[in-house]
Amino acid sequence: LAASGEAKVSYAAGAPLTADGSFRLSGPGLNKIELGVRARGADAQAHLTGEIELGRWPLLWSRYLKTATGTAAVDLTVASAPKRPRVSGKVRIARDFVLRTSRWPAPFTLPASGELDFDGGTLATAGLSIDTPGMHGKLAGHATFDPDDADKSTVALSLAAELDAARFP
């Protein structure tokens, strides 16, 4: 991983430290990745845009999946918050995601153009297509995660699917 760009850091007596930066990140599987950062004392924010090839970054998914390919177009902002950072923005499927788990005999494909919206602890989609042999479906809805109390997390998703039992694993 390599970064190039510029940063400006300022400090004046009696005032909080300030920092601003703009960087281009490069490395395996990173396409046009731009990172902008801004900090004013304890308040900080970072904005990340560009494309990430999933297969080149197994640390992002290897805990949950056997394999993953495809390209994610990211436009995410991470802001400091009292307990934990807050993430907002979008991840769009730029090139089909093909995902394999250890518990399902066939790959799942999420076709290009699907989109996930992040807003703090909420993840939402207006309609994410999902395919596996013998099934084509569309997933829509949202999930809100409470990392402090899992019982307060909510999931409201719908799946409309067509199933071909002769081809379904």
Side-chain angles (χ1 to χ4, degrees), residues 1 23-37 45-81 83-169:
L1 183 64
F23 307 94
R24 178 173 285 255
L25 305 178
S26 59
L30 299 180
N31 302 311
K32 299 178 186 172
I33 296 290
E34 301 283 340
L35 175 65
V37 294
Q45 180 173 303
H47 184 227
L48 181 72
T49 60
E51 292 185 348
I52 300 171
E53 295 175 26
L54 298 181
R56 303 296 298 265
W57 290 88
L59 287 177
L60 295 175
W61 50 261
S62 62
R63 184 171 167 187
Y64 310 101
L65 302 169
K66 278 178 34 178
T67 63
T69 60
T71 302
V74 299
D75 185 355
L76 296 171
T77 299
V78 179
S80 60
K83 286 187 173 182
R84 65 186 45 83
R86 183 179 192 287
V87 177
S88 60
K90 295 183 182 298
V91 173
R92 183 181 50 80
I93 301 171
R95 189 172 52 86
D96 291 2
F97 288 4
V98 179
L99 313 172
R100 288 188 176 274
T101 71
S102 59
R103 297 181 182 224
W104 190 254
F108 290 97
T109 300
L110 287 79
S113 79
E115 197 170 274
L116 297 167
D117 298 308
F118 293 83
D119 186 10
T122 300
L123 174 64
T125 182
L128 189 64
S129 291
I130 184 167
D131 298 308
T132 195
M135 187 204 76
H136 169 75
K138 188 153 288 263
L139 183 69
H142 67 275
T144 301
F145 305 101
D146 185 329
D148 296 323
D149 186 350
D151 290 337
K152 292 182 181 175
S153 296
T154 60
V155 177
L157 298 172
S158 66
L159 174 65
E162 296 174 8
L163 181 67
D164 178 351
R167 293 186 54 232
F168 195 68

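Side chains included, hydrogens not; waters and symmetry mates left out as well; all remaining heavy atoms used.
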- Are T49 and V74 close enough that some pair of their side-chain heavy atoms sits under 4.5 Å apart? no
- Task: Kindly indicate whether the side chain of E53, heavy atoms from C-beta on, has any atom under 4.5 Å from the side chain of T69.
- Result: no
- Note on the structure: Separation between CD1 (I52) and CD1 (I33), nearest 0.5 Å, reads 4.5 Å
- Message: side chain to side chain contact (heavy atoms under 4.5 Å, CB included), that's the test. Do R84 and D148 meet it? Break it down for me.
- Response: CA-CA 11 Å; R84 65 186 45 83; D148 296 323; 3.2 Å; yes
- Minimum heavy-atom distance between L139 and T125, given as atom pair plus value: O-CG2, 3.6 Å
- Query: Is there any ring-ring contact (aromatic ring centres under 6.0 Å, His included) pair reaching into residues 120-150, and which pairs are they, with sequence neighbours excluded?
  - Reply: none
- Approximate separation, where rounding is to 0.5 Å, of E162 CD and M135 CE: 10.5 Å
- Query: Of the non-hydrogen atoms in A140 and A126, which two are nearest, and what is the gap between them?
  - Reply: CB-O, 3.5 Å
- Under the side chain to side chain contact (heavy atoms under 4.5 Å, CB included) rule, what do T132 and T109 come out as? Steps first, then yes or no, please. CA-CA 6 Å; T132 195; T109 300; over 6 Å; no
- What closest approach, in Å, do L99 and A68 show between heavy atoms, and which atom pair accounts for it? CD2-CB, 3.8 Å
- Task: Just grab all the ring-ring contact (aromatic ring centres under 6.0 Å, His included) pairs involving residues 87-118, residues at least two apart or on different chains.
- Result: W104-F108, W104-F168
- Backbone N or O of A94 within a donor-acceptor pair of the T71 side chain at under 3.5 Å? no
- Query: Going from CZ on R86 to CD on Q45, what distance comes out if it is rounded to the nearest 0.5 angstrom?
  - Reply: 10.5 Å
- Provide the closest heavy-atom pair for L35 versus A46 in the form atom of the first, atom of the second, distance. CD1-CB, 4.1 Å
- Message: Once rounded to the nearest 0.5 Å, what's the spacing between atom CG of L1 and atom CG of L30?
- Response: 6.5 Å
- Task: Would you confirm whether T144, through its side chain, and T122, through its main-chain N or O, come within 3.5 Å as a donor-acceptor pair?
- Result: no
- Could you tell me the separation between the CG atom of L48 and the CD atom of E34, rounded to the nearest 0.5 Å? 9.5 Å
- Query: Counting only N and O atoms by type, is there a donor-acceptor contact under 3.5 Å from the side chain of D96 to the main-chain atoms of A112?
  - Reply: yes
- From the list D119, D117, D75, side chain to side chain donor-acceptor pair (under 3.5 Å) with K90 holds only for D117
- Item | Under 3.5 Å: donor-acceptor pair, side chain of W61, backbone of L54 | yes
- Scanning both residues in full, the closest heavy-atom pair of G29 with R56 reads CA-CG, 3.7 Å
- Closest heavy-atom pair and its distance - G89, L76: C-CD2, 3.9 Å
- So how far is it from I93 CD1 to L128 CG, rounded to the nearest 0.5 Å? 5.0 Å
